[in-house]
Amino acid sequence: MSVECIIKNAAKTVGEGPHWDNATNTLLYVDIYENAIHRYNPATGSDDKITLDGTVGFVVPARKGGLIAGVGRCLVHVDWDTKKVTKLHEVDKGLKTRFNDGKCDPKGRVWAGTMGPVEPDVPSMKKIGSLYCLDLDGKLRTMISDVGISNGLAWSEDGKWMYYIDSTPRQLYRYDFDFSTGSIGNKRVIVDNSGKSVPEYGFPDGMTLDTEGKAWVANFFSKKVVCYDTNTGEELQYVEFPATRITSCCFGGPDLDDLYVTTSAFEATEEEMKEYPLSGSLFRVKGLGVKGYPANVYEGDIPIE
(Lines give C-alpha, C1' and ligand atoms only; values in the text may rest on other atoms or scores of the structure.)
Protein backbone atom coordinates (compact mmCIF):
# COMPACT_ATOMS: atom_id res chain seq x y z
CA MET A 1 0.00 0.00 0.00
CA SER A 2 1.23 3.51 -0.80
CA VAL A 3 -0.08 6.99 0.01
CA GLU A 4 0.74 9.63 -2.60
CA CYS A 5 0.07 13.38 -2.52
CA ILE A 6 -1.08 14.07 -6.07
CA ILE A 7 -2.02 17.76 -5.73
CA LYS A 8 -0.30 19.65 -2.95
CA ASN A 9 -2.66 22.08 -1.17
CA ALA A 10 -5.35 21.38 -3.77
CA ALA A 11 -7.99 22.98 -1.55
CA LYS A 12 -7.39 26.38 -0.03
CA THR A 13 -10.22 25.74 2.45
CA VAL A 14 -12.17 22.45 2.73
CA GLY A 15 -11.50 19.87 0.05
CA GLU A 16 -14.56 17.62 -0.09
CA GLY A 17 -16.91 15.44 -2.10
CA PRO A 18 -14.59 13.40 -4.37
CA HIS A 19 -16.51 11.70 -7.19
CA TRP A 20 -14.84 9.58 -9.87
CA ASP A 21 -16.53 10.29 -13.20
CA ASN A 22 -16.26 7.14 -15.32
CA ALA A 23 -17.51 8.97 -18.41
CA THR A 24 -14.46 11.25 -18.49
CA ASN A 25 -11.98 9.34 -16.29
CA THR A 26 -11.62 12.43 -14.12
CA LEU A 27 -12.09 13.19 -10.45
CA LEU A 28 -14.58 15.85 -9.40
CA TYR A 29 -14.18 17.44 -5.98
CA VAL A 30 -15.02 20.75 -4.31
CA ASP A 31 -13.30 23.45 -2.26
CA ILE A 32 -16.20 24.52 -0.06
CA TYR A 33 -15.35 28.06 1.02
CA GLU A 34 -13.49 28.87 -2.19
CA ASN A 35 -16.88 28.27 -3.87
CA ALA A 36 -15.12 26.03 -6.38
CA ILE A 37 -15.69 22.78 -8.28
CA HIS A 38 -12.49 21.06 -9.42
CA ARG A 39 -11.95 18.46 -12.14
CA TYR A 40 -8.68 16.55 -11.94
CA ASN A 41 -7.44 14.48 -14.86
CA PRO A 42 -4.88 11.87 -13.71
CA ALA A 43 -3.82 11.18 -17.30
CA THR A 44 -2.72 14.77 -17.93
CA GLY A 45 -2.24 16.04 -14.38
CA SER A 46 -4.52 19.01 -15.10
CA ASP A 47 -6.74 20.36 -12.32
CA ASP A 48 -9.38 22.67 -13.79
CA LYS A 49 -11.94 24.54 -11.73
CA ILE A 50 -14.97 26.77 -11.96
CA THR A 51 -16.03 29.21 -9.25
CA LEU A 52 -19.66 29.72 -8.25
CA ASP A 53 -21.48 32.33 -6.18
CA GLY A 54 -21.62 30.46 -2.87
CA THR A 55 -20.16 27.65 -0.82
CA VAL A 56 -20.09 24.34 -2.71
CA GLY A 57 -20.78 21.27 -0.56
CA PHE A 58 -20.88 18.55 -3.22
CA VAL A 59 -21.04 17.88 -6.94
CA VAL A 60 -22.31 14.92 -9.00
CA PRO A 61 -22.69 14.51 -12.77
CA ALA A 62 -26.11 14.39 -14.42
CA ARG A 63 -26.70 11.70 -17.04
CA LYS A 64 -28.42 14.20 -19.34
CA GLY A 65 -25.56 16.67 -19.11
CA GLY A 66 -23.93 19.03 -16.66
CA LEU A 67 -23.61 18.72 -12.90
CA ILE A 68 -25.82 18.88 -9.84
CA ALA A 69 -24.26 20.79 -6.94
CA GLY A 70 -25.15 22.06 -3.50
CA VAL A 71 -24.41 25.80 -3.44
CA GLY A 72 -25.22 27.59 -0.21
CA ARG A 73 -28.76 26.49 0.64
CA CYS A 74 -29.61 25.74 -2.99
CA LEU A 75 -29.48 22.73 -5.26
CA VAL A 76 -28.36 23.89 -8.70
CA HIS A 77 -27.58 22.58 -12.16
CA VAL A 78 -24.21 23.65 -13.54
CA ASP A 79 -23.11 23.61 -17.16
CA TRP A 80 -19.31 23.25 -16.94
CA ASP A 81 -18.64 24.60 -20.43
CA THR A 82 -20.89 27.67 -20.39
CA LYS A 83 -20.65 28.22 -16.61
CA LYS A 84 -24.41 28.65 -16.55
CA VAL A 85 -25.99 27.91 -13.16
CA THR A 86 -29.69 27.10 -12.85
CA LYS A 87 -31.33 27.08 -9.42
CA LEU A 88 -33.44 23.98 -8.77
CA HIS A 89 -34.46 24.25 -5.11
CA GLU A 90 -33.77 26.37 -2.05
CA VAL A 91 -34.03 24.72 1.37
CA ASP A 92 -33.91 25.63 5.06
CA LYS A 93 -35.31 29.12 4.46
CA GLY A 94 -34.64 31.39 7.40
CA LEU A 95 -31.88 29.15 8.75
CA LYS A 96 -28.12 29.73 8.69
CA THR A 97 -27.33 26.45 6.98
CA ARG A 98 -25.54 25.29 3.85
CA PHE A 99 -25.39 22.12 1.82
CA ASN A 100 -22.62 19.75 2.80
CA ASP A 101 -22.09 16.23 1.46
CA GLY A 102 -24.23 14.66 -1.27
CA LYS A 103 -24.36 11.59 -3.51
CA CYS A 104 -26.63 9.66 -5.86
CA ASP A 105 -28.41 6.47 -4.88
CA PRO A 106 -28.49 3.38 -7.15
CA LYS A 107 -31.59 4.64 -8.96
CA GLY A 108 -29.97 7.99 -9.69
CA ARG A 109 -31.68 10.23 -7.15
CA VAL A 110 -29.52 12.90 -5.48
CA TRP A 111 -29.30 12.78 -1.69
CA ALA A 112 -27.79 15.83 -0.04
CA GLY A 113 -27.77 17.22 3.46
CA THR A 114 -27.31 20.53 5.22
CA MET A 115 -25.53 21.71 8.35
CA GLY A 116 -25.69 24.79 10.55
CA PRO A 117 -22.92 26.87 12.15
CA VAL A 118 -20.36 24.92 14.17
CA GLU A 119 -20.99 26.89 17.37
CA PRO A 120 -19.68 26.59 20.03
CA ASP A 121 -18.18 23.30 18.80
CA VAL A 122 -19.18 20.15 16.90
CA PRO A 123 -20.61 18.16 19.85
CA SER A 124 -22.67 21.11 21.10
CA MET A 125 -23.80 22.72 17.83
CA LYS A 126 -27.50 23.06 17.05
CA LYS A 127 -28.96 20.24 14.96
CA ILE A 128 -30.79 22.36 12.40
CA GLY A 129 -29.69 20.47 9.28
CA SER A 130 -31.71 18.03 7.17
CA LEU A 131 -31.16 15.33 4.57
CA TYR A 132 -32.98 15.83 1.27
CA CYS A 133 -33.67 13.66 -1.76
CA LEU A 134 -33.96 15.06 -5.29
CA ASP A 135 -36.21 12.66 -7.19
CA LEU A 136 -35.96 11.83 -10.87
CA ASP A 137 -38.93 14.11 -11.59
CA GLY A 138 -37.06 17.04 -10.06
CA LYS A 139 -39.14 17.20 -6.89
CA LEU A 140 -37.45 17.47 -3.51
CA ARG A 141 -38.29 15.48 -0.36
CA THR A 142 -37.10 15.96 3.21
CA MET A 143 -35.92 12.56 4.43
CA ILE A 144 -34.25 13.23 7.82
CA SER A 145 -34.48 16.25 10.11
CA ASP A 146 -32.61 17.42 13.23
CA VAL A 147 -29.21 16.73 11.69
CA GLY A 148 -25.99 18.25 13.03
CA ILE A 149 -23.49 17.84 10.19
CA SER A 150 -24.95 15.83 7.31
CA ASN A 151 -22.10 13.84 5.85
CA GLY A 152 -21.19 10.49 4.27
CA LEU A 153 -23.69 8.55 2.18
CA ALA A 154 -23.47 5.10 0.59
CA TRP A 155 -25.74 2.27 -0.55
CA SER A 156 -25.23 -1.47 -0.50
CA GLU A 157 -24.78 -3.19 -3.85
CA ASP A 158 -28.05 -5.10 -3.50
CA GLY A 159 -29.94 -1.85 -2.80
CA LYS A 160 -31.24 -3.00 0.59
CA TRP A 161 -29.29 -0.62 2.81
CA MET A 162 -28.43 3.06 2.96
CA TYR A 163 -25.50 4.16 5.11
CA TYR A 164 -25.41 7.69 6.49
CA ILE A 165 -23.17 9.73 8.76
CA ASP A 166 -24.08 12.58 11.09
CA SER A 167 -20.69 13.83 12.26
CA THR A 168 -22.03 15.60 15.35
CA PRO A 169 -22.78 12.47 17.43
CA ARG A 170 -19.84 10.73 15.67
CA GLN A 171 -22.04 7.90 14.39
CA LEU A 172 -22.52 5.86 11.21
CA TYR A 173 -26.08 4.65 10.64
CA ARG A 174 -27.68 1.99 8.48
CA TYR A 175 -31.24 2.34 7.19
CA ASP A 176 -33.49 -0.07 5.38
CA PHE A 177 -33.70 1.28 1.82
CA ASP A 178 -36.51 0.86 -0.70
CA PHE A 179 -34.94 1.04 -4.14
CA SER A 180 -38.17 1.76 -5.99
CA THR A 181 -39.48 4.56 -3.78
CA GLY A 182 -36.33 5.81 -2.05
CA SER A 183 -37.98 5.41 1.34
CA ILE A 184 -35.80 4.70 4.38
CA GLY A 185 -36.54 3.25 7.81
CA ASN A 186 -35.35 1.16 10.75
CA LYS A 187 -32.35 3.30 11.66
CA ARG A 188 -29.53 1.39 13.31
CA VAL A 189 -26.19 2.63 14.69
CA ILE A 190 -23.35 0.69 13.04
CA VAL A 191 -20.33 2.65 14.28
CA ASP A 192 -20.42 4.77 17.44
CA ASN A 193 -17.29 6.76 18.26
CA SER A 194 -18.99 9.11 20.72
CA GLY A 195 -16.95 9.47 23.87
CA LYS A 196 -13.82 8.06 22.24
CA SER A 197 -10.56 9.97 21.80
CA VAL A 198 -10.86 12.57 19.03
CA PRO A 199 -7.17 12.40 18.01
CA GLU A 200 -7.53 8.62 17.71
CA TYR A 201 -11.03 8.26 16.25
CA GLY A 202 -11.90 11.73 14.96
CA PHE A 203 -15.30 12.76 13.63
CA PRO A 204 -16.69 10.49 10.88
CA ASP A 205 -17.01 12.49 7.67
CA GLY A 206 -17.30 11.31 4.07
CA MET A 207 -17.28 7.64 3.07
CA THR A 208 -17.45 5.09 0.29
CA LEU A 209 -18.05 1.33 0.03
CA ASP A 210 -15.82 -1.25 -1.61
CA THR A 211 -17.11 -4.24 -3.60
CA GLU A 212 -16.93 -6.38 -0.46
CA GLY A 213 -19.47 -4.09 1.20
CA LYS A 214 -16.97 -2.58 3.66
CA ALA A 215 -17.19 1.13 4.50
CA TRP A 216 -14.14 3.36 4.12
CA VAL A 217 -14.72 6.38 6.34
CA ALA A 218 -12.71 9.60 6.47
CA ASN A 219 -12.24 10.51 10.12
CA PHE A 220 -11.72 14.25 10.55
CA PHE A 221 -9.02 15.21 13.09
CA SER A 222 -7.66 11.65 13.26
CA LYS A 223 -5.34 11.54 10.18
CA LYS A 224 -7.11 8.34 9.11
CA VAL A 225 -9.43 6.72 6.64
CA VAL A 226 -10.82 3.72 8.51
CA CYS A 227 -12.34 0.58 6.99
CA TYR A 228 -15.33 -0.79 8.92
CA ASP A 229 -17.37 -3.97 8.68
CA THR A 230 -20.87 -2.68 7.87
CA ASN A 231 -22.53 -5.57 9.68
CA THR A 232 -20.65 -5.51 12.96
CA GLY A 233 -19.08 -2.04 13.00
CA GLU A 234 -15.68 -3.63 13.63
CA GLU A 235 -12.65 -1.61 12.59
CA LEU A 236 -10.78 -3.73 10.05
CA GLN A 237 -7.86 -1.53 8.97
CA TYR A 238 -6.90 2.09 8.45
CA VAL A 239 -4.77 4.30 6.24
CA GLU A 240 -2.91 7.20 7.83
CA PHE A 241 -2.11 10.52 6.12
CA PRO A 242 0.23 13.45 6.75
CA ALA A 243 -2.75 15.66 7.58
CA THR A 244 -5.31 15.59 10.38
CA ARG A 245 -8.36 17.06 8.66
CA ILE A 246 -9.39 14.11 6.46
CA THR A 247 -12.75 14.86 4.84
CA SER A 248 -13.83 12.22 2.31
CA CYS A 249 -12.81 9.45 -0.06
CA CYS A 250 -13.90 7.56 -3.17
CA PHE A 251 -12.59 4.79 -5.37
CA GLY A 252 -11.40 5.78 -8.81
CA GLY A 253 -8.90 5.11 -11.58
CA PRO A 254 -9.24 2.80 -14.59
CA ASP A 255 -9.88 -0.25 -12.40
CA LEU A 256 -11.58 1.62 -9.54
CA ASP A 257 -8.88 0.35 -7.18
CA ASP A 258 -7.31 3.71 -6.29
CA LEU A 259 -8.68 5.47 -3.22
CA TYR A 260 -8.80 9.25 -3.68
CA VAL A 261 -8.85 11.20 -0.42
CA THR A 262 -9.64 14.89 0.15
CA THR A 263 -8.44 16.95 3.10
CA SER A 264 -9.02 20.39 4.61
CA ALA A 265 -6.80 23.32 5.55
CA PHE A 266 -9.74 25.42 6.79
CA GLU A 267 -9.17 26.91 10.26
CA ALA A 268 -5.87 25.06 10.63
CA THR A 269 -3.57 27.02 12.91
CA GLU A 270 -0.15 28.25 11.85
CA GLU A 271 1.36 25.60 14.11
CA GLU A 272 -0.74 22.86 12.52
CA MET A 273 0.25 23.95 9.01
CA LYS A 274 3.90 23.81 10.03
CA GLU A 275 3.45 20.28 11.34
CA TYR A 276 1.12 19.19 8.51
CA PRO A 277 1.99 21.36 5.49
CA LEU A 278 0.04 19.03 3.17
CA SER A 279 -3.31 19.91 4.81
CA GLY A 280 -5.81 20.60 2.02
CA SER A 281 -3.97 18.33 -0.41
CA LEU A 282 -5.49 15.61 -2.60
CA PHE A 283 -4.12 12.13 -1.92
CA ARG A 284 -4.29 8.80 -3.72
CA VAL A 285 -3.89 5.41 -2.06
CA LYS A 286 -2.73 2.48 -4.17
CA GLY A 287 -2.37 -1.20 -3.37
CA LEU A 288 -5.26 -1.61 -0.94
CA GLY A 289 -6.27 -4.87 -2.60
CA VAL A 290 -9.91 -3.80 -2.91
CA LYS A 291 -11.89 -1.75 -5.39
CA GLY A 292 -15.11 0.21 -5.54
CA TYR A 293 -18.19 0.29 -7.75
CA PRO A 294 -18.75 2.93 -10.43
CA ALA A 295 -20.28 6.02 -8.81
CA ASN A 296 -23.95 6.68 -9.43
CA VAL A 297 -25.00 9.82 -11.32
CA TYR A 298 -28.24 11.81 -11.41
CA GLU A 299 -30.60 10.05 -13.80
CA GLY A 300 -33.41 12.60 -13.61
CA ASP A 301 -34.56 15.46 -15.78
CA ILE A 302 -32.56 18.66 -15.96
CA PRO A 303 -34.11 22.08 -16.47
CA ILE A 304 -34.46 23.38 -20.00
CA GLU A 305 -34.96 27.10 -20.58
Side-chain angles (χ1 to χ4, degrees), residues 11-19 28-38 52-60 67-76 78 88-93 95-105 109-119 121-134 140-155 162-173 202-208 215 217-221 225 245-250 261-267 280 295 298:
K12 304 304 179 189
T13 64
V14 185
E16 256 286 10
H19 175 107
L28 294 166
Y29 67 98
V30 304
D31 188 346
I32 294 179
Y33 293 106
E34 282 286 292
N35 305 348
I37 300 172
H38 287 251
L52 304 181
D53 291 332
T55 58
V56 186
F58 78 94
V59 60
V60 294
L67 309 167
I68 305 296
V71 179
R73 291 187 290 106
C74 296
L75 288 177
V76 304
V78 181
L88 305 178
H89 294 279
E90 183 175 353
V91 302
D92 298 354
K93 292 183 180 179
L95 296 177
K96 293 181 179 179
T97 62
R98 65 165 178 82
F99 270 106
N100 199 42
D101 213 348
K103 268 184 190 170
C104 293
D105 70 18
R109 311 173 188 92
V110 175
W111 292 67
T114 56
M115 60 175 285
V118 182
E119 298 172 351
D121 52 32
V122 174
S124 304
M125 65 186 286
K126 292 182 179 179
K127 303 186 96 177
I128 58 173
S130 297
L131 179 66
Y132 297 93
C133 177
L134 179 67
L140 193 69
R141 290 184 282 167
T142 304
M143 308 305 293
I144 303 174
S145 301
D146 303 317
V147 175
I149 302 178
S150 187
N151 250 318
L153 288 154
W155 288 263
M162 185 183 88
Y163 300 95
Y164 176 56
I165 287 171
D166 184 346
S167 298
T168 306
R170 302 171 68 192
Q171 293 176 330
L172 163 62
Y173 309 113
F203 291 87
D205 202 319
M207 71 170 159
T208 190
V217 180
N219 283 283
F220 198 84
F221 284 143
V225 170
R245 300 168 187 257
I246 314 300
T247 57
S248 193
C249 55
C250 76
V261 179
T262 51
T263 64
S264 171
F266 185 64
E267 294 183 334
Y298 181 55

Pairwise distance CZ(Phe266) to CD(Glu16) - rounded to 0.5 angstrom: 12.5 Å
In this structure, CZ of Phe58 is separated from CD1 of Ile37 (nearest 0.5 Å) by 9.5 Å
Check each of Ile128, Thr97, Leu95 against Pro117 using the side chain to side chain contact (heavy atoms under 4.5 Å, CB included) test, and report the only one that passes. Ile128
From the options Val225, Asn219, Thr262, select the one residue that forms a side chain to side chain contact (heavy atoms under 4.5 Å, CB included) with Ile246. Val225
Can you list the steps and then say if Glu34 with Lys12 is a side chain to side chain contact (heavy atoms under 4.5 Å, CB included)? CA-CA 7 Å; Glu34 282 286 292; Lys12 304 304 179 189; 3.7 Å; yes
Quick check on Lys127: does its NZ atom have over 12 non-hydrogen neighbours (other residues, nucleotides or ligands) under 6.0 Å away? yes
Which heavy atom of [X] sits nearest to which heavy atom of [Y], and what is that distance?
| X | Y | answer |
| --- | --- | --- |
| Cys249 | Ala218 | SG-N, 4.4 Å |
| Gly70 | Phe99 | CA-CB, 3.9 Å |
| Val56 | Ala36 | CG2-N, 3.9 Å |
| Gly57 | Ile32 | CA-CG1, 4.4 Å |
| Tyr33 | Thr55 | CD2-CG2, 3.6 Å |
| Ser248 | Gly206 | OG-CA, 3.5 Å |

Any side-chain heavy atom of Leu140 within less than 4.5 Å of one from Leu88? no
Side-chain heavy atoms of Asp105 within contact of Met162, under 4.5 Å: no
When you measure from the side chain of Arg141 to the backbone of Leu134, do you find a donor-acceptor pair of N or O atoms at a distance under 3.5 Å? no
I'd like to know if the side chain of Thr114 and the backbone of Gly129 have a donor-acceptor N/O pair within less than 3.5 Å. no
Please tell me whether Tyr163 and Tyr173 form a close aromatic pair, meaning their ring centres lie under 6.0 Å apart. no
Going through the distances and angles, do Tyr132 and Val91 end up as a side chain to side chain contact (heavy atoms under 4.5 Å, CB included)? CA-CA 9 Å; Tyr132 297 93; Val91 302; 3.7 Å; yes
Distance-only criterion, 3.5 Å: show the donor-acceptor pairs between side-chain atoms of residues 143-153 and protein atoms not counting sequence neighbours.
residue: Ser150; atom: OG; partner: Tyr164; partner atom: OH; Å: 2.7
residue: Asn151; atom: OD1; partner: Asn100; partner atom: ND2; Å: 3.1
residue: Asn151; atom: ND2; partner: Ser167; partner atom: OG; Å: 2.7
residue: Asn151; atom: ND2; partner: Asp205; partner atom: OD1; Å: 3.2

With Arg170, which residues qualify under salt bridge (Lys or Arg N to Asp or Glu O under 4.0 Å), at least two apart? none
With sequence neighbours excluded, what pairs up with Ser124 under the side-chain hydrogen bond (donor to acceptor under 3.5 Å, both in side chains) test? Asp121
Those residues at least two apart in sequence (or on a different chain) that pass side-chain hydrogen bond (donor to acceptor under 3.5 Å, both in side chains) with Thr208 are none
Is the ring pair Tyr29/His38 parallel, tilted or perpendicular, if the boundaries are 30 and 60 degrees? parallel
Could you check whether Asp92 pairs with Arg98 (Lys NZ or Arg NE/NH1/NH2 to Asp/Glu carboxylate O, under 4.0 Å)? no
Check this for me, if you would: do Glu90 and Arg73 make a salt bridge, where the nitrogen-to-carboxylate-oxygen distance has to be below 4.0 angstrom? yes
Please identify each residue that fulfils ring-ring contact (aromatic ring centres under 6.0 Å, His included) with His19, with sequence neighbours left out. none
Sorted by chain and number, sequence neighbours left out, ring-ring contact (aromatic ring centres under 6.0 Å, His included) with Tyr298 holds for none
Hey, mind stepping through Arg245 and Phe221 against side chain to side chain contact (heavy atoms under 4.5 Å, CB included) and telling me if it holds? CA-CA 5 Å; Arg245 300 168 187 257; Phe221 284 143; 3.6 Å; yes
